[in-house]
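Here the structure comes first, spelled out in structure tokens, and everything after it is commentary.
Sequence positions, counted from 1, serve as the residue numbers for this chain. Everything numeric here is computed off the predicted structure, so don't read it as measured data.
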Amino acid sequence: MFLASIEAAPADPILGLTEAYRKDPRQNKVNLGVGVFMDENGNTPVLESVKRAERRLWESEKTKTYLPISGTPEFDAQVAQLVFGADFHGLAGNRVAVCQSPGGTGGLRIGAELLRNFRRGGTLWLPSPSWDNHQSLFTAAGLTVKSYAYYNPATRGVDVEAMCADLAKIPAGDTVLLHVCCHNPTGADIPAAGWERVADIAAQAGWLPFFDFAYQGFGDGVAEDRAGLLAVLRKAPEALVASSFSKNMGLYAERVGAFSIVAASDKAANAAISQIKRIVRVIYSNPPKHGGMLARLVLEDPELRDLWLQELNAMRQRIAGNRQLLASGLHQRSGQDFSFIVHQKGMFSYSGLSDAQVDYLREEKGIYMVKGGRINVAGLLPRAVDYVCDSIIASLAAHP
């Protein structure tokens with residue numbers, strides 16, 4: 001019997017954690033594992049800009065026919081402007097091609113298939129650590145995956161010297177994945193001077209940059225967050241980019257993202273997008289319409305775009321406020337310096353908690369976080385701050 005011979009797979013380290021949280025009967029339980037934004041009431045809201053776009057779409061939509069394989073040209077143009085900025089796109093637009101994807105993960109998988117088909121024998125390099133699903137995703141596509149130095153536990157930041165030393169050794173036939181901003185899982189981003197060094201190394205060594213840009217706008221702002229990407233593109237002739245609207249527009253369930261390429265010429269861009277369309281046709285044929293239309297309407301309408309930027313700013317400020325509350329609360333209780341939490345960017349913080357401390361928090365306090373101590377700061381509610389701080393200090397005492 002074929003199906004009867006298949007063993008159950010282990011639970012996903014993040015989604016499985018959420019299932020355990022839901023089954024936990026304790027009233028004071030806290031979920032700091034899954035990477036979604038929550039407002040002060042614990043809801044993951046639908047943005048008002050998205051609601052207004054949805055009303056317009058409902059009133060004007062006349063068909064549910066298939067989209068083009070790469071999405072609509074209007075969506076692709078808006079994504080290119082958002083990801084690369086008007087200045088770069090104005091200079092290099094003919095070398096840029098965009099394909100709508102099912103979320104940022106879908107964009108990564110399209111890129112993985114492109115590498116598997118046309119960069120055979122090369123290795124894909126991930127920062128250490130990186131998002132758990134990166135390893136699984138690229139390995140499943142048949143790529144060889146290795147890691148380069150990135151995070152320094154002692155400083156709670158990027159080890160720029162070790163990172164650059166590793167990147168300089170990577171051969172031209174390989175691909176390097178770089179988190180543009182809001183590094184997952186550490187929250188530690190490459191500083192501006194570090195990006196300039198990465199750009200120089202990429203240009204000299206000749207490896208292909210592959211940018212994961214899942215959190216644009218959650219770091220310092222929409223334009224500010226693309227600075228590292230542009231620093232590399234000013235010196236490297238080619239790049240791949242996977243981006244997402246899950247976080248910055250709250251379109252988690254709509255699965256809206258994009259896979260973009262920057263080629264050395266318009267001819268190369270046209271050839272690459274033709275192959276990308278073949279890949280998409282085989283995997284899922286063409287993208288879903290609804291979420292992509294919402295993102296397009298928000299971006300192309302000045303009124304909706306301004307409202308979205310205000311809402312995005314409010315989300316970013318809430319996350320920054322949570323960082324301040326958590327760092328201050330832990331410092332007050334222990335006298336230790338937790339300012340690294342404030343300096344990190346985006347939804348996540350590498351807390352430095354050991355796996356034993358993480359287990360203690362889940363089993364004894366009902367506080368759920370990912371192994372390695374990654375905390376979703378965007379999921380911390382005001383009413384839970386004191387309890388979380390008290391519990392973390394208790395975990396440090398229980399497992400010093």
Would Leu57 and His290 count as a side chain to side chain contact (heavy atoms under 4.5 Å, CB included) here? Give the steps. CA-CA 9 Å; Leu57 182 59; His290 189 77; 3.6 Å; yes
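- Under the 4.0 Å criterion applied to side-chain N and carboxylate O atoms, Lys51 and Glu54 are not assigned as salt-bridge partners.
- We find the OG1-CD distance between Thr72 and Gln78 to be 9.5 Å, quoted to the nearest 0.5 Å.
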Check against side chain to side chain contact (heavy atoms under 4.5 Å, CB included), Phe84 and Ser260: CA-CA 10 Å; Phe84 301 105; Ser260 305; 4.0 Å; yes
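- Between Glu48 and Arg55 there is a salt bridge, since at least one side-chain N of the basic residue sits less than 4.0 Å from a carboxylate O of the acidic one.
- Not a single donor-acceptor pair under 3.5 Å links the side chain of Asn184 to the backbone N or O of Trp131.
- Using a 4.5 Å heavy-atom threshold, the side chains of Leu108 and Leu177 count as touching.
- Using a cutoff of 4.0 Å between basic side-chain nitrogens and carboxylate oxygens, Arg197 and Asp200 are not scored as salt-bridged.
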Please test Arg333 against Asp386 for salt bridge (Lys or Arg N to Asp or Glu O under 4.0 Å), starting from the C-alpha separation and ending with a verdict. CA-CA 10 Å; Arg333 287 163 173 80; Asp386 287 337; 3.2 Å; yes
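- Atom CG of Asp166 sits about 7.0 Å away from atom CD1 of Ile170, to the nearest 0.5 Å.
- The closest side-chain heavy-atom distance from Ser136 to Asp132 is not below 4.5 Å.
- Taking all atoms of both residues into account, the shortest heavy-atom contact from Ile273 to Cys99 is CD1-CB, 4.2 Å.
- Remark: the backbone N or O of Pro68 is not paired with any side-chain donor or acceptor of Asn286 at under 3.5 angstrom.
- Checking side-chain atoms of Asp266 against main-chain N and O of Asn94 turns up no donor-acceptor pair under 3.5 Å.
- Using modelled atom types and a 3.5 Å distance limit, the side chains of Ser246 and Arg255 yield a donor-acceptor pair.
- Each of Val34, Val36, Asp39 was scored for a side-chain contact (heavy atoms from CB on, under 4.5 Å) with Thr44, with one residue passing: Val36.
- In this structure the side chain of Leu82 reaches within 4.5 angstrom of the side chain of Arg305, judged on heavy atoms.
- Residue Leu304 is not grouped with residue Val79 when hydrophobic side chains (ILVMFWY) are merged at heavy-atom distances under 4.5 angstrom, including chains of intermediate members.
- The CZ atom of Phe75 sits 11.5 Å away from atom CG of Leu297, with the distance rounded to the nearest 0.5 Å.
- A donor-acceptor pair is defined here as one N or O able to donate and one able to accept, closer than 3.5 Å; such a pair exists between the side chain of Trp195 and the backbone of Ile190.
- Salt-bridge annotation for Asp301 and Arg52: absent, with no side-chain N of the basic residue lying under 4.0 Å from a carboxylate O of the acidic one.
- One hydrophobic cluster, built from ILVMFWY side chains closer than 4.5 Å, cannot hold both Ile279 and Tyr66; they sit in different ones.
- For Arg323 (side chain) and Gly346 (main-chain N/O), a donor-acceptor pair under 3.5 Å exists by modelled atom type.
- Atom CG of Asn43 sits in a crowded spot, with more than 12 heavy atoms from other residues, nucleotides or ligands closer than 6.0 Å.
- Contact check for Tyr148 versus Pro127: side-chain heavy atoms found under the 4.5 Å cut-off.
- Once rounded to the nearest 0.5 Å, the distance linking CZ of Arg234 with CD of Glu196 reads 6.0 Å.
- Between Gln100 and Tyr284, the shortest heavy-atom distance links the atoms O-OH, 3.3 Å.
- In the hydrophobic cluster analysis, where Ile, Leu, Val, Met, Phe, Trp and Tyr join through side-chain heavy atoms closer than 4.5 angstrom, Ile110 is grouped apart from Leu67.
- Separation of the His183 and Tyr150 ring centroids falls under the 6.0 Å cut-off.
- The side-chain heavy atoms of Leu330 and Ile392, taken from C-beta on, include a pair separated by under 4.5 Å.
- No option in Met369, Lys371, Arg374 other than Met369 meets the side-chain contact (heavy atoms from CB on, under 4.5 Å) test with Leu353.
- Below 30°, between 30° and 60°, or above 60°: for Tyr360 and His399 the angle between ring planes is above 60°, a perpendicular geometry.
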Could you walk me through whether Tyr387 and Ile367 pass the side chain to side chain contact (heavy atoms under 4.5 Å, CB included) test, one step at a time? CA-CA 9 Å; Tyr387 178 65; Ile367 297 176; 3.9 Å; yes
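- One distance of note links SG of Cys181 with CZ of Phe211; it measures 11.5 Å at 0.5 Å rounding.
- Side-chain atoms of Gln344 never come within 3.5 Å of backbone atoms of Ala188 as a donor-acceptor pair (strictly under, hydrogens ignored).
- For the pair Thr186 and Pro129, the tightest heavy-atom approach, listed with the atom from each and the gap, is CG2-CG, 3.6 Å.
- Under a 3.5 Å cut-off, the side chain of Arg119 and the backbone N or O of Arg116 do not form any donor-acceptor pair.
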Yes or no on side chain to side chain contact (heavy atoms under 4.5 Å, CB included) for Leu32 and Leu361, after CA distance, side-chain angles and deciding distance? CA-CA 11 Å; Leu32 299 178; Leu361 288 167; over 6 Å; no
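- Connection of Ile319 to Leu309 is established within a shared hydrophobic cluster, with ILVMFWY side chains joined at heavy-atom distances below 4.5 Å, either directly or through further cluster members.
- Residue Tyr368 is tested with Thr18, Asp24, Asn376 for a side chain to side chain donor-acceptor pair (under 3.5 Å); the sole match is Asp24.
- Residues Leu380 and Ile393 fall within the same hydrophobic cluster, defined by Ile, Leu, Val, Met, Phe, Trp and Tyr side chains chained together at heavy-atom separations under 4.5 Å.
- The two residues Ile375 and Ser351 have their closest heavy-atom pair at CD1-CB, 3.6 Å.
- A salt bridge links Arg109 and Glu113; the closest N-O separation between the charged side-chain nitrogens and carboxylate oxygens is under 4.0 Å.
- Using a 4.5 Å heavy-atom threshold, the side chains of Lys345 and Asp220 count as touching.
- Distance CG/Asn248 to CZ/Phe37: 12.5 Å, rounded to 0.5 Å.
- Side-chain atoms of Ser274 come within 3.5 Å of backbone atoms of Ala271 as a donor-acceptor pair (strictly under, hydrogens ignored).
- Between Pro209 and Ala236, the closest heavy-atom pair is CG-CB, 4.2 Å.
- Not one N or O on the side chain of Asp174 forms a donor-acceptor pair closer than 3.5 Å with the backbone of Trp207.
- Remark: Lys235 NZ is packed, more than 12 non-hydrogen atoms of other residues, nucleotides or ligands lying under 6.0 Å away.
- Considering every non-hydrogen atom in both Ala269 and Ile261, the closest pair reads O-CD1, 3.8 Å.
- Listed for the Glu300 side chain is no donor-acceptor partner under 3.5 Å among the backbone atoms of Glu74.
- Side-chain contact check for Phe338 versus Leu326: every heavy-atom pair is 4.5 Å or farther apart.
- In this structure, the side chains of Leu114 and Phe210 stay at 4.5 Å or more apart for every pair of heavy atoms.
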